[in-house]
Amino acid sequence: MASARNLLLLSSSRLHGHGYLEHARGQLEDLFKGANVKTVLFVPYALRDHDKYTATVRNALQPWGYNVEGLHTKPDREKALKEAQAIFVGGGNTFVLLRTLYEMQLLDPIRELVLQRGLPYVGSSAGTNVATRSIHTTNDMPVAYPPSFEALALVPFNINPHYLDPESGSQHKGETRDERIEEFVAYHGLPVLGLREGTSVRVQGEKATLLGDRHAKLFKPDGEAEELAPQADLSFLMQK
């Protein structure tokens, strides 16, 4: 059976020179309008102050004509998910987010709703990390301990949000982002997509496309890396 995926996976919610989510407005509205979304169910568990975080997203989306409700305010979270028009899983600490999703037993309901029923899913930063196979390629500190690093697996590859290129001429002797990602690839033999700020991945069924005005860097299972241009077809990554 063909997947009903309808995803937008953002590297970040903020981009220098833009207001909160402003750089992704066209991408968000394309997804929301295409699915007749009027109200977005926000998942704020990656930050500690859920009310404040939800208000931040509401203040960004409401002027564009979208209502925002916080999942944390719902007495029956699984029912709220089933009734949602779209969900937006925000960024913050990926370990805290994934642990909370496990504790609340929300992974399976979200996975089923997105993959089988076509519930539109927006992820940003940590919300993008948990949409992938695992959170092994997050940049966050493990301040919390989820029972597993395995995540929603809405896409069958890993992403590194906020990807930063090695600084040319740097005298820093610690590991670069590239070296850390290459270490993951060496151990797991799986591809990792490095998403620079302002880029995102749009997934529709089995089709995936790189959005934004910057390249992304793909770290391949064979240890090689490739630069992918904006609007690149990433559908090959959807093959398990």
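- Partner of F32 under the ring pair (Phe, Tyr, Trp, His ring centres under 6.0 Å) criterion, chosen from Y121, Y66, F88: Y66.
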Please tabulate, for the side chains in residues 210-224, all donor-acceptor contacts under 3.5 angstrom to protein atoms that are two or more places apart in sequence or on a different chain.
unit_1: K217; atom_1: NZ; unit_2: D178; atom_2: OD2; d: 2.6
unit_1: K220; atom_1: NZ; unit_2: E226; atom_2: OE1; d: 3.1
unit_1: D222; atom_1: OD1; unit_2: E224; atom_2: N; d: 2.9

Between side-chain atoms of residues 35-45 and protein atoms elsewhere (two or more places apart, or another chain), which donor-acceptor pairs fall under 3.5 Å?
none

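- Under the salt bridge (charged side-chain N to carboxylate O under 4.0 Å, His left out) criterion, the residue pairs touching residues 4-21 are R5-E206, with sequence neighbours excluded.
- Not a single ring-ring contact (aromatic ring centres under 6.0 Å, His included) links F157 to another residue, sequence neighbours left out.
- Residues forming a salt bridge (Lys or Arg N to Asp or Glu O under 4.0 Å) with D233 (at least two apart in sequence, or on another chain): none.
- Side-chain N or O atoms of T94 include none that pairs as donor or acceptor with a backbone N or O of D140 at under 3.5 Å.
- Between F149 and F95, the ring planes are perpendicular. Angles over 60° get that label, and only those under 30° would be called parallel.
- Taken from CG in L98 to CD1 in I135, the straight-line distance is 5.0 Å, to the nearest 0.5 Å.
- Listed by first and then second residue, the salt bridge (charged side-chain N to carboxylate O under 4.0 Å, His left out) pairs involving residues 115-127 are E112-R117 (not counting sequence neighbours).
- H72 is linked by a ring-ring contact (aromatic ring centres under 6.0 Å, His included) to H50, counting only residues two or more places apart in sequence or in another chain.
- Here N139 pairs with N160, H162, R177 under the side chain to side chain contact (heavy atoms under 4.5 Å, CB included) rule; sequence neighbours left out.
- Formation of a donor-acceptor pair under 3.5 Å by the S124 side chain with backbone atoms of G91 is not found in this model.
- Residues in residues 16-31 take part in these salt bridge (charged side-chain N to carboxylate O under 4.0 Å, His left out) pairs, two or more places apart or across chains: R25-E29, D30-R202.
- Rounding to the nearest 0.5 Å gives a distance of 13.5 Å between CZ of R196 and OG of S12.
- Among residue pairs with one or both ends in residues 59-69, those qualifying as salt bridge (charged side-chain N to carboxylate O under 4.0 Å, His left out) are E69-K74; sequence neighbours excluded.
- Among residues two or more places apart in sequence or in another chain, the salt bridge (Lys or Arg N to Asp or Glu O under 4.0 Å) test is passed with E150 by none.
- Grouping the Ile, Leu, Val, Met, Phe, Trp and Tyr side chains by contacts below 4.5 angstrom, directly or via other members, places L154 with L195.
- If you take CG on L97 and CG on N129, they are separated by 9.0 Å, rounding to the nearest 0.5 Å.
- No path of Ile, Leu, Val, Met, Phe, Trp and Tyr side chains, each step under 4.5 Å between heavy atoms, connects L10 with V89, placing them in separate hydrophobic clusters.
- Side chain of N158 to backbone of T132: no donor-acceptor contact under 3.5 angstrom is found.
- Annotation: the span from L47 atom CG to Y53 atom OH amounts to 5.0 Å, rounded to 0.5 Å.
- With hydrogens and angles disregarded, no donor-acceptor distance shorter than 3.5 Å links the side chain of S134 to the backbone of A151.
- Without hydrogens or angle criteria, T128 side chain to G123 main chain gives a donor-acceptor distance under 3.5 Å.
- In this structure R133 satisfies the salt bridge (Lys or Arg N to Asp or Glu O under 4.0 Å) test with no other residue, sequence neighbours excluded.
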